[in-house]
Chemist: 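Structure provided below as structure tokens; questions to follow.
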Amino acid sequence: MRRVIADVAIWGAAGDRVGIADGRIAWLGTAPAGWEAVPVTRYGGRLLTPALVDCHTHLVYAGDRAREWEMRLEGASYAAIAKAGGGILSTMQAVRAAAEDALLAESLPRLDALLAEGVGTVEIKSGYGLSIADEIKMLRVARRLGAMRPVRVVTSWLAAHAVPPEYRGRADAYIDEVAIPGLAEAHAQGLVDAVDGFCEGIAFSPAQIARVFEAAQALGLPLKLHADQLSDLGGGALAARFGALSADHVEYLSAAGITAMAEAGTVAVLLPGAFYMLRETQAPPVAGLRAAAVPMAVATDANPGSSPLLSPLLAMNMACTLFGLTPQEAMAGVTQHAAQALGVETGRLVPGAPADLAIWEAASPAHLANAMGHRPLHLRIHGGADV
Ligand code: NIG
Ligand code: FE
């Protein structure tokens with residue numbers, strides 16, 4: 001199947017036409033010979049970008065944590081709420097109580113909200129089940145979501161997200177008895193595309209994360225890490241040492257961490273929604289990342305607690321306003337760098353890439369990221385087909 005998208009302003013490329021063959025971009029700019037009789041659709045000069053890639057979400061969950069937000073507004077800290085059994089553990093209770101179909105039904109509208117903003121690939125983590133069966137239930141829901149809509153879903157095993165109550169004070173036993181054996185089981189069921197962890201004082205130590213990473217590497221799985229979000233535990237450097245695809249949050253990333261990530265080719269995933277909702281004050285070291293040429297991705301971190309955000313366009317806006325990215329950097333952050341953070345080949349306007357495209361009622365990335373709450377998506381194309 002061949003088709004031509006015409007009369008578009010192609011982000012980052014000259015010309016106004018894109019040829020698609022068998023679901024992939026065949027050429028950009030002007031048509032080569034042999035494409036004269038191929039059907040052409042015209043788009044009135046609208047902006048064309050890759051479909052967006054939301055490379056860090058906790059989209060599958062049950063319940064909500066609005067009350068915790070009220071408590072934070074009244075002065076309680078995220079860490080204090082987590083230590084008192086709230087936070088991730090309160091969502092754990094809701095996820096454990098939810099039947100798989102109910103979890104699916106709660107999560108689907110959130111996926112639809114992302115798709116309505118031009119998302120074509122979304123990463124979805126486990127991490128609220130915290131038992132082998134419940135972590136697997138979450139990833140089954142993630143896979144089912146991917147089968148229900150025209151979207152690429154990339155799953156991450158995040159059992160090392162919090163220590164559940166039955167293992168309180170025994171984090172090492174949790175790693176040995178749940179996080180590592182559960183990973184092998186979920187992987188055997190084809191449910192795991194990558195492995196993530198939460199390296200933080202309120203979660204797991206670098207040594208505990210390293211053991212999960214070693215198990216993941218033995219299975220040949222790529223790695224990611226929630227790193228240096230609330231304090232500097234050397235998470236960025238740890239991710240780099242293991243050749244991780246990405247280190248995410250990175251507000252407290254050190255200069256040594258930046259250097260290690262640059263050398264390892266580890267992407268820095270910026271999550272301004274969590275920074276904003278937690279009213280953090282230390283922004284990630286964007287100037288240092290830029291100077292070291294560490295690719296910066298931007299994602300929603302959609303989750304019920306620290307970032308109840310279902311808008312990648314607002315994440316772009318926040319990445320610019322709060323962290324100092326340029327709109328062009330933010331655009332790369334939700335497309336090619338996000339795809340790099342997932343190890344997938346989409347997110348780029350190059351011949352051979354999947355024809356996952358978004359066409360916008362907007363003139364430029366700055367127009368996309370500038371307005372808040374607008375719905376500028378005109379059309380999304382997924383694997384070459386309009387959706
Ligand atoms: O990416 N930092 C840890 N994990 C999530 C928060 C999850 C939650 O609060 O439910 C995050 O922000
Ligand atoms: Fe997260």
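Everything numeric in this text was worked out from a predicted model, so none of it was measured. One-based numbering, in listed order, for ligands and for the atoms of each.
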Chemist: Do His58 and His226 have ring centroids that are under 6.0 Å from one another?
Modeler: yes
Chemist: For atom OH of Tyr167, decide whether the heavy atoms of other residues, nucleotides or ligands shown that lie under 6.0 angstrom number more than 12.
Modeler: yes
Chemist: Considering only the protein, which heavy-atom contact is closest to atom 12 (O) of ligand 1, and what is its distance?
Modeler: Ser306 OG, 2.6 Å
Chemist: Any chance CH2 of Trp69 has more than 12 other-residue heavy atoms, nucleotides or ligands included, within less than 6.0 Å?
Modeler: no
Chemist: Going by salt bridge (Lys or Arg N to Asp or Glu O under 4.0 Å), name the residues that satisfy it together with Arg110, two or more places apart in sequence or in a different chain.
Modeler: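 Testing Arg110 for salt bridge (Lys or Arg N to Asp or Glu O under 4.0 Å), a comparison that skips the adjacent residues, returns none.
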Chemist: Would you check if the side chain of Arg2 reaches a backbone N or O of Ala37 as a donor-acceptor pair within less than 3.5 Å?
Modeler: no
Chemist: Which part of His161 is near ligand 1, with near meaning a heavy atom under 4.0 Å away: side chain, backbone, both or neither?
Modeler: side chain
Chemist: Ignoring waters, how many N, O or S atoms from the protein are under 2.8 Å from the Fe ion (ligand 2)?
Modeler: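 Near the Fe ion (ligand 2), the number of protein N, O or S atoms below 2.8 Å is 4.
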Chemist: Quick one: nearest non-hydrogen protein atom to atom 11 (C) of ligand 1, plus distance?
Modeler: Asp301 OD2, 3.2 Å
Chemist: For Asn303, is the nearest heavy atom under 4.0 Å from an atom of ligand 1?
Modeler: yes
Chemist: Counting heavy atoms only, name the option from Tyr128, Phe198, Phe275, Tyr78 that's nearest to atom 6 (C) of ligand 1.
Modeler: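 Among Tyr128, Phe198, Phe275, Tyr78, the closest heavy atom to atom 6 (C) of ligand 1 comes from Tyr78.
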Chemist: Ignoring hydrogens and geometry beyond distance, is a side-chain donor-acceptor pair present between Ser311 and Glu117 at under 3.5 Å?
Modeler: yes
Chemist: Which of the atoms of ligand 1 are close to His56, meaning less than 4.0 Å from one of its heavy atoms?
Modeler: 1 (O)
Chemist: Measure the spacing between CG of Leu183 and CG of Leu158 and express it to the nearest 0.5 Å.
Modeler: 11.5 Å
Chemist: For His249, counting its heavy atoms only, list the atoms of ligand 1 lying under 4.0 Å from any of them.
Modeler: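 Here the atoms of ligand 1 in question are 1 (O), 2 (N), 11 (C), 12 (O).
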Chemist: Output yes when Arg348 and Asp356 qualify as a salt bridge under the 4.0 Å nitrogen-oxygen rule, no when they do not.
Modeler: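 Not counted as a salt bridge, because no side-chain N and carboxylate O are separated by less than 4.0 Å.
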Chemist: Can you confirm whether more than 12 heavy atoms, excluding those of His378, are under 6.0 Å from its NE2 atom?
Modeler: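 Atom NE2 in His378 is packed in, count exceeds 12.
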Chemist: Starting from atom 2 (N) of ligand 1, which protein heavy atom do you reach first, and at what distance in Å?
Modeler: Gln229 OE1, 2.7 Å
Chemist: Is any side-chain heavy atom of Met138 closer than 4.5 Å to a side-chain heavy atom of Lys125?
Modeler: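 They are not in side-chain contact.
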